Number of protein chains: 2
Amino acid sequence: MAEPDLEVLAELAVSRQFSRQAAIFWERKEAQGFYLLVTGLVKLVKSSPDGKEYIIRLVQPGETFGEAVVFAESPYPATAIALEDCQTLFFPGKAFLQYLAASPALARNMLATLSRLLYHLTKQLEDVSLKEVSARLARYLLERCTETHGRVAPGLAFELPTTKTHLAAYLGTISETLSRTLARFKSLGAIEVEKGKITINDPQLLQNMAQGSKS
Amino acid sequence: MAEPDLEVLAELAVSRQFSRQAAIFWERKEAQGFYLLVTGLVKLVKSSPDGKEYIIRLVQPGETFGEAVVFAESPYPATAIALEDCQTLFFPGKAFLQYLAASPALARNMLATLSRLLYHLTKQLEDVSLKEVSARLARYLLERCTETHGRVAPGLAFELPTTKTHLAAYLGTISETLSRTLARFKSLGAIEVEKGKITINDPQLLQNMAQGSKS
DNA sequence: CGGCCTGTTGATGCGACTCAATTCAGGTGG
DNA sequence: CCACCTGAATTGAGTCGCATCAACAGGCCG
């Protein structure tokens, strides 16, 4: 979203703060606009009646969330919760739509953003439904590594964005299973684990496991 | 997509036919445009190396597919296969984008379409990751019923869009499990099953099961 | 120190996938 | 018109992944 439109958008935007654990919006609540995360960390979750939750997406600074609803005029499909103290910019739906009509470039940008999200969700759906936990974890590790370093190579290390419990929910599993799987990876010599930091040892092995399918 | 733009779009579009079982595009293939399904039935699938597949979406006549890639300029995220003989309109990406820049209304429409897709995928992701098969099936049956009749009530019947094997892949399971689950629903008195046709008997029971979470 | 949260590890059980056998319907060709 | 084949659907038995339950260790903070 690096645009000449930035000035106008800046006028639309409303700064909003949220403290750790605060809910930014709730699933099924009528949507009034979307957010741009400036600092902090946000999780978008679906939660089931019995308290279990699945993390659709972890939102990093610079990313937007809740965009989709502005165009579909539907309620928010998930709940957004601040995992750390957060600075956000809120864009009211109506005003944004009005301005959008005047700026093809911005529209184009939003389309691209949504498309990337779709792409991402599609991949997650594939993973969850036809890969086992170890494959999902392996792919995640490789992804994080390329995100941080631009490539994957033995010896490269990176931080996990949040607690392992959250990561587990993101991978569609639970902390116990994640813990065991990480331990297995370690014993296979694929990675080193220490205190929220992961070091890649054997990228090839991870690649293989990421391919792995159920059974 | 009921638009004054229709005329112009009609000029862009190229008619394309596909016969049963034909692939319309392949996952990872560079995208050149998107399709509007006129008649027939299309499945969008992800397939794993060992031959198992997950159906992201069943495309019905009147719907578009492959739109996302036009804006993200990424390769197709899934494979599209004609389940029946199909009539489609193909919209070349570049020409479409050009025209899009001139029509805010069209852009707005595409945004809405993508948003609905996102919403749908989010729901599927939720279902697959934290609901069990019976809950997914129950929700699907209720959905189909409201789609066909606008409401859910005892005695209402509807056709399954395709084979049970495909439905199973769509629900993130396999035909055997689907078969057993349908049999259980029937023995519980929730539905009647005969030859690709389902009759709802006990909507409330289905609602309850659709809520059900894993264990 | 004593609570609380996160993470680890073990034992157990259940859901659902796998494999295999059988039935059934539809389509084809002799 | 029937024998044949193919693909779908059903049913049973066996197995496995992973969620659950439970106990416990370490770190952080009031």
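Treat the numbers as computed from the prediction; the structure is a model and nothing was measured. In what follows, chains carry the letters A, B, and so on, assigned in the order in which the sequence lines appear, proteins first and then strands, with residues in each chain numbered from 1.
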Between A:Phe34 and A:Phe90 (judged by ring centroids, cut-off 6.0 Å), do the two rings come close enough to count as a pair? no
I need the CG-C1' distance between A:Leu83 and C:dT6, as an integer number of Å. 14 Å
At 10 degrees resolution, what angle do the end axes of the helix from C:dC1-D:dG30 to C:dG30-D:dC1 form when each is taken over five base pairs? 30°
With heavy-atom distances below 4.5 Å as the criterion, would you say the side chains of B:Arg57 and B:Leu117 are in contact? yes
Measure from CG on A:Leu130 to C1' on D:dG17 and round the result to the nearest Å. 15 Å
Can you find a pair of side-chain heavy atoms, one from B:Ser115 and one from A:Ser74, that are under 4.5 Å apart? no
Which of residues 188-198 of chain A sit near DNA chain C, with a heavy atom under 4.0 Å from it? none
Does a side-chain N or O from B:Thr165 land closer than 4.0 Å to OP1 or OP2 of D:dA9, or not? yes
Measure the distance from CD on B:Glu132 to C1' on D:dA19 and round it to the nearest whole Å. 12 Å
Does A:Thr173 have a side-chain nitrogen or oxygen under 4.0 Å from the phosphate oxygens OP1 or OP2 of D:dA19? yes
Could you check A:Glu176 against A:Arg180 for salt bridge (charged side-chain N to carboxylate O under 4.0 Å, His left out), going step by step and ending with a plain yes or no? CA-CA 6 Å; A:Glu176 290 97 318; A:Arg180 284 182 242 270; 5.9 Å; no
Between D:dA8 atom C1' and B:Gln21 atom CD, what is the distance in whole Å? 13 Å
To the nearest angstrom, the CG-P distance between A:Asp127 and D:dG17 comes to 18 Å
Considering non-hydrogen atoms only, spot the tightest contact between B:Gly172 and B:Arg136 and give its length. O-NH2, 3.3 Å
Any idea which of D:dT10, C:dC17, D:dA19 is nearest the A:Lys52 side chain? D:dA19
Rounded distance (Å) that lies between atom P of D:dA19 and atom OH of A:Tyr54: 13 Å
Can you label the angle between the A:Tyr76 ring and the A:Phe25 ring as parallel, tilted or perpendicular, going by 30° and 60°? parallel
So if I take residues 176-185 of chain A and measure heavy-atom distances to DNA chain D, which residues fall below 4.0 Å? A:Glu176, A:Thr177, A:Arg180
Salt bridge or not for B:Glu53 and B:Lys43, using N-O below 4.0 Å? yes
Roughly, in whole Å, what's the span from CG in B:Leu171 to P in C:dA16? 12 Å
State, to 0.1 Å, how close A:Ala138 and A:Leu206 come at their nearest heavy-atom pair, and which atoms those are. CB-O, 3.5 Å
A:Lys164 atom NZ is separated from D:dG26 atom P, nearest whole Å, by 15 Å
Non-hydrogen side-chain atoms of B:Phe71 and A:Arg116 separated by less than 4.5 Å: no
Residue pair B:Tyr54 / B:Val45, side-chain heavy-atom distance below 4.5 Å: no
Taking 4.0 angstrom as the limit, do B:Lys123 and B:Glu126 come out as a salt bridge? no
